[in-house]
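Just so you know, these numbers use all the heavy atoms, side chains as well, and skip hydrogens, waters and symmetry mates.
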Amino acid sequence: MVELVHLEVADQVATITLDSERNRNALSKQLVTELVAHLTTADADASAKAILIRSAGTVFCSGADMTEAVSGGMAEGARAIVALQRQIATATKPVVVELGGPVRAGGLGIVGAADIVIAAESVTFQLTEVRLGLAAAIISLSLIPRFSERAAADLFLTARKFDAAEAADAGLITRAVPDTELRTEIAGVLADLCKAYPQGLRESKKIFNHDLVARIDAFGDEVAAKSAELFASDEAREAMSAFLSKGK
């Protein structure tokens with residue numbers, strides 16, 4: 001089986017790269033399992049002070065793996081995405097996300113749970129769930145605390161595409177930078193993090209992620225069950241099948 005997620009530790013940074021170009025880094029069972037495993041390894045590595053999540057190819061994440069959702073349901077997958085968001089939020093090391101390509105639907109859960117997110121100005125975002133008979137239930141755990149109520153209603157309900165500048169204004173990402181400056185900006189952020197002591201980073205994360213973790217713990221089971229129910233509905237299955245047919 002070809003590895004879809006890679007881990008490299010160097011210069012006090014554990015870099016995790018999503019590399020499933022075949023389905024635009026969709027959140028397949030394999031990709032999520034490997035991402036979770038690498039996050040666990042990175043967080044336990046005493047030589048690393050920060051964790052960077054990035055992507056190979058042109059897309060950061062296209063959301064749920066529709067093929068798996070249509071054929072096998074999403075009960076297990078929904079619980080896995082809830083757990084993934086919690087793992088990112090509770091990691092003892094800062095989790096930085098580098099966005100050099102578009103993010104759709106479930107992929108925004110990684111963005112919402114991360115501590116620092118830097119995006120190239122060309123990157124676009126979209127919560128496409130309502131156009132498939134679904135709701136952004138699972139990722140609402142980490143997204144709702146980031147958005148204002150008005151921004152959440154707008155972006156969740158219209159499913160319109162929005163750019164990195166708007167994402168920064170809405171609180172979804174830390175900042176947007178010119179595409180040519182993305183790697184330099186990421187390097188600067190990581191260099192600053194690596195100047196800190198591990199205890200300072202760990203305890204600071206506990207403070208500012210307290211409410212987010214409490215929200216995940218309080219509502220995680222509920223939203224996972226709702227998401228699985230929606231994915232299994234006739235309306236969603238029809239919409240997802242039509243979506244997959246367009247891609248053939």
Side-chain angles (χ1 to χ4, degrees), residues 1-65 68 77 80-81 83-125 139 142 164 167 172-194 201:
M1 185 179 295
V2 177
E3 184 180 67
L4 302 182
V5 184
H6 315 304
L7 171 64
E8 178 184 3
V9 181
D11 301 324
Q12 302 184 89
V13 177
T15 300
I16 296 173
T17 303
L18 309 183
D19 188 13
S20 182
E21 185 71 8
R22 172 186 59 82
N23 60 2
R24 300 179 301 163
N25 290 325
L27 297 170
S28 64
K29 180 178 179 180
Q30 181 187 345
L31 185 141
V32 173
T33 299
E34 291 180 8
L35 175 54
V36 166
H38 286 321
L39 280 167
T40 300
T41 300
D43 203 30
D45 192 323
S47 70
K49 285 188 176 180
I51 299 170
L52 173 67
I53 302 177
R54 60 181 299 276
S55 64
T58 58
V59 176
F60 178 78
C61 181
S62 60
D65 187 309
E68 288 186 357
I81 300 302
L84 173 61
Q85 291 174 98
R86 191 183 194 282
Q87 182 178 16
I88 292 171
T90 59
T92 61
K93 296 164 184 174
V95 176
V96 179
V97 170
E98 173 189 326
L99 296 179
V103 192
R104 299 291 183 262
L108 272 77
I110 298 173
V111 174
D115 303 305
I116 299 173
V117 183
I118 310 297
E121 290 178 339
S122 64
V123 169
T124 60
F125 305 79
I139 58 175
S142 62
L172 175 62
I173 66 172
T174 307
R175 55 185 168 273
V177 299
D179 289 37
T180 56
E181 298 176 15
L182 179 60
R183 298 312 299 269
T184 300
E185 186 72 17
I186 288 290
V189 169
L190 294 171
D192 284 338
L193 292 173
C194 289
L201 296 172

- Message: Going by the rule ring pair (Phe, Tyr, Trp, His ring centres under 6.0 Å), which residues pair with F60 if we only count those two or more places apart in sequence or in a different chain?
- Response: none
- Query: Which distance, rounded to the nearest 0.5 Å, do you find between the CG of L4 and the CD of Q30?
  - Reply: 3.5 Å
- Message: Can you tell me if D11 has over 12 outside heavy atoms packed within less than 6.0 Å of its CG?
- Response: no
- Query: Residues in side chain to side chain contact (heavy atoms under 4.5 Å, CB included) with D19, at least two apart?
  - Reply: H6, A56
- Query: Is it true that a side-chain atom of D179 and a backbone atom of E121 form a donor plus acceptor pair closer than 3.5 Å?
  - Reply: yes
With side chains defined as the heavy atoms from C-beta onward, is the minimum distance between [X] and [Y] less than 4.5 Å?
X    : Y    : value
L27  : D65  : no
I118 : E98  : no
L52  : V189 : no
Q87  : T40  : yes
C194 : V13  : yes
L193 : K49  : no
V117 : L172 : no

- Task: Identify the heavy atoms of D43 and A91 that sit nearest to each other, and give their distance.
- Result: OD2-CA, 3.6 Å
- Heavy-atom closest contact (A164 atom, I173 atom, distance): O-CD1, 3.4 Å
- Set of residues satisfying side chain to side chain donor-acceptor pair (under 3.5 Å) with respect to E68, sequence neighbours excluded: none
- Query: Can you tell me if T17 and E8 form a side-chain donor-acceptor pair at under 3.5 Å?
  - Reply: no
- Cut-off 3.5 Å, side chains only: do R24 and T58 have a donor facing an acceptor? no
